[in-house]
Structures are given as structure tokens and as C-alpha cells.
Amino acid sequence: MELGLVGLGKMGGNMRERIRRAGHTVIGYDRNPDVSDVHSLEELVGKLKGPRVVWVMVPAGAPTQATIDELAGLLSPGDIVVDGGNSRWTDDEKHAVELGIKGIGFVDCGVSGGVWGLENGYALMYGGDAENVAKVQPIFDALKPEGDFGSVHAGKVGAGHFAKMVHNGIEYAMMQAYAEGWELLEKVDSVTDVREVFRSWQEGTVIRSWLLDLAVNALDDDEHLDKLRGYAADSGEGRWTVEAAIDNAVPLPAITASLFARFASRQDDSPQMKMIAALRNQFGGHAVENKK
């Protein structure tokens, strides 16, 4: 089938290649003319035969909204827009209504796989009406990993991005657990080869995972991570997961703590720890360290 793909960055560019390898036609548009197949969204839509399917892979928020607004003026009733970026599920509901007024279908799709997706396939979580999902199914089948798993019609519009959001929240907590264990192993004198301890866990243990494999890869490149600064950004989906937990009164202590740990990583001189040090000095006479 034919697909229009908007956004050809690290993810989108590799997705275009994987879909083409599966025998489908992909017409890609990106603001970078060096990677784009066409010069505009209008040209992209004009090259597709109806009913059209256009997959959007641009940053969440204003860029996605602007792209969908433009597509709404170019597409026809019966066409489908797929948002495969990291949009918030509440935006999906809004986009489905906006496009639905014009008779254009909408499917949201959470995509996981990163830079490894071209060869290994992408895990897909999609939401929308069954009729609209069916029109996109050949593309989902081309992108997913080989085998019986790796893709799911998670439910109504918004369900795909909600599922991907929770996936990323779990990812936050898993990475934090590996990081805390690694730091403790590095701290003690008795463990002399932390990297090989991590490597030994890759087989036969209950904590083996792809994240663990990636941790070993990182330690092979830089055994004590001396080249890195202890700073971690967050994509926004961890925050949305915690906010959704509050809205639904679901306790998420591990995921919430992992998000807050990322916030702490951005403070070279923690204001909170200043207050704690001051209080310990006040009530117990504990020593404090003054700035040099």
C-alpha cells in the first residue's frame, strides 16, 4: 500500500526504510530537504492515491497540532491520519474530533524501538476505531517485530499513546533500579569488577532484560561511565504517567521516585539538601560543609 510519512528524523527515517523493505510505497516529507521525498505537505498529499493514509512522526504538542491542522485542509473524507509521535492521549481525543468533522479518520500509535527498530522492528500500541485501524494494518505489520507479539490494538482513540506512556513510566523505574544497583556495586571495595557482574546477570537471572543488555553495552564503552555527566532529561511521558496516576488515585511510588530522581540530577548544588544540612546542624550540631 501507499503511505505518506511526515517527519524523517532518527525514528521516522528508519521507519520509512523498514516499510519500504516490506514492499510498500512511502512518500516522506521533512523540513530537511536532504532527506525529504517531496517539498511540502501539499505535494505529499497530491502524490498519494485515495483513500490516503498519512503517518505523522513529529514532536508532540505544537508541531503535531500544526501538522494535523494543515493535513485537515488537504485530505478528503475517508482518508486516515496516524499520529505515531509521543503525543499525550488527551490530544488524540481532540485531534480525532477535529478530523472527524471533516470525515477524516484518526489513529494514535505509540511506537517503541528507538535506533534499533530498523533491524529489530518496532513495538506498536495503537488506538482507534477498528475500521480505521484495519486500513493501516499492513503498515503496522511491516513495522512490528517478527513473531506473534510486538503490536496491539489497545482500545479507543488515545489508548495507544496512553499505553506507550505507561510503558515509558515503567521504563523510568527499571532504569532507576539498574542505576541504583550499579552505584552501590561501584561504591563497595569488595566488588572489583562491576561490569562483569552486570554481564553475568544477562543469563539465568530474573532481572535480565534488553535494558540490562544496553547497560552492559554502555559499560563496555566506558567501564565506570567517567565520560558522562550525571544528568538525565525526561521526555514528558514520565510526568504524564504520574499525573494520570494522581487523577485515577493509583499509587505509583517507584515510577514517581524515578521521575523525581531525574529532577535531582539537574541540580549541581541541591537547595533541598542545603536546608536539610542546616536543620541537622541546628537540632543536632551536625557538621556542615561551607562553599569554597
Side-chain angles (χ1 to χ4, degrees), residues 1 3 5-7 9-12 14-16 18-19 22 24 53-61 64 67-68 80-96 99 105-175 209-211 214 234-245 247-248 250 252 255 258-259:
M1 66 175 283
L3 178 74
L5 182 58
V6 183
K10 291 180 181 179
M11 286 278 282
N14 281 344
M15 289 168 64
R16 174 176 61 177
R18 185 172 175 87
I19 296 167
H24 302 290
V53 176
V54 179
W55 188 304
V56 178
M57 284 295 292
V58 301
T64 294
T67 303
I68 289 178
I80 304 289
V81 171
V82 181
D83 181 3
N86 284 329
S87 294
R88 190 166 183 160
W89 81 98
T90 50
D91 290 343
D92 296 327
E93 296 166 352
K94 176 174 175 285
H95 295 153
L99 293 170
F106 179 80
V107 174
D108 64 286
C109 184
V111 182
S112 181
V115 297
W116 301 83
L118 174 59
E119 299 300 330
N120 297 340
Y122 299 88
L124 308 172
M125 296 142 271
Y126 35 93
D129 295 341
E131 179 183 0
N132 291 335
V133 168
K135 294 177 182 177
V136 190
Q137 194 64 53
I139 302 301
F140 292 147
D141 291 342
L143 287 170
K144 69 177 288 293
E146 294 183 8
D148 296 332
F149 306 107
S151 70
V152 60
H153 183 186
K156 299 181 290 185
V157 165
H161 280 142
F162 194 95
K164 176 58 164 49
M165 177 194 74
V166 174
H167 164 282
N168 281 25
I170 294 170
E171 177 187 294
Y172 274 47
M174 291 176 66
M175 287 193 288
S209 73
W210 187 45
L211 280 176
L214 295 177
D234 67 284
S235 63
E237 289 184 292
R239 301 187 191 206
W240 299 343
T241 305
V242 173
E243 289 169 2
D247 291 341
N248 291 278
V250 175
L252 298 186
I255 292 174
S258 68
L259 174 64

Checklist entry - Partners of K94 by salt bridge (Lys or Arg N to Asp or Glu O under 4.0 Å), sequence neighbours excluded? => result E98
Checklist outcome for this item: Sorted by chain and number, sequence neighbours left out, salt bridge (Lys or Arg N to Asp or Glu O under 4.0 Å) with E119 holds for R21
For the pair [X] (side chain) and [Y] (backbone), establish whether a donor and an acceptor sit closer than 3.5 Å, ignoring hydrogens and angles.
X    : Y    : answer
S151 : L124 : no
D108 : G158 : yes
H153 : G128 : yes
D92  : V157 : no

What residues form a side chain to side chain donor-acceptor pair (under 3.5 Å) with [X], not counting sequence neighbours?
X    : answer
D234 : R239, R266
N14  : none
R88  : E243

Next on the checklist: If only side-chain N and O atoms count, and only distance matters, is there a donor-acceptor pair under 3.5 Å linking S87 with D83?
Outcome noted: yes
Checklist entry - Using 30° and 60° as the class limits, which term best fits the ring planes of F140 and Y126: parallel, tilted or perpendicular? => result parallel
Nearest heavy-atom pair of [X] and [Y]: which atoms, and what distance?
X    : Y    : result
V133 : V107 : N-CG2, 4.1 Å
V111 : K164 : O-CE, 2.9 Å
Y172 : S258 : CB-OG, 3.3 Å

Item to check | With P145 via side chain to side chain contact (heavy atoms under 4.5 Å, CB included) - residues at least two apart | outcome: none
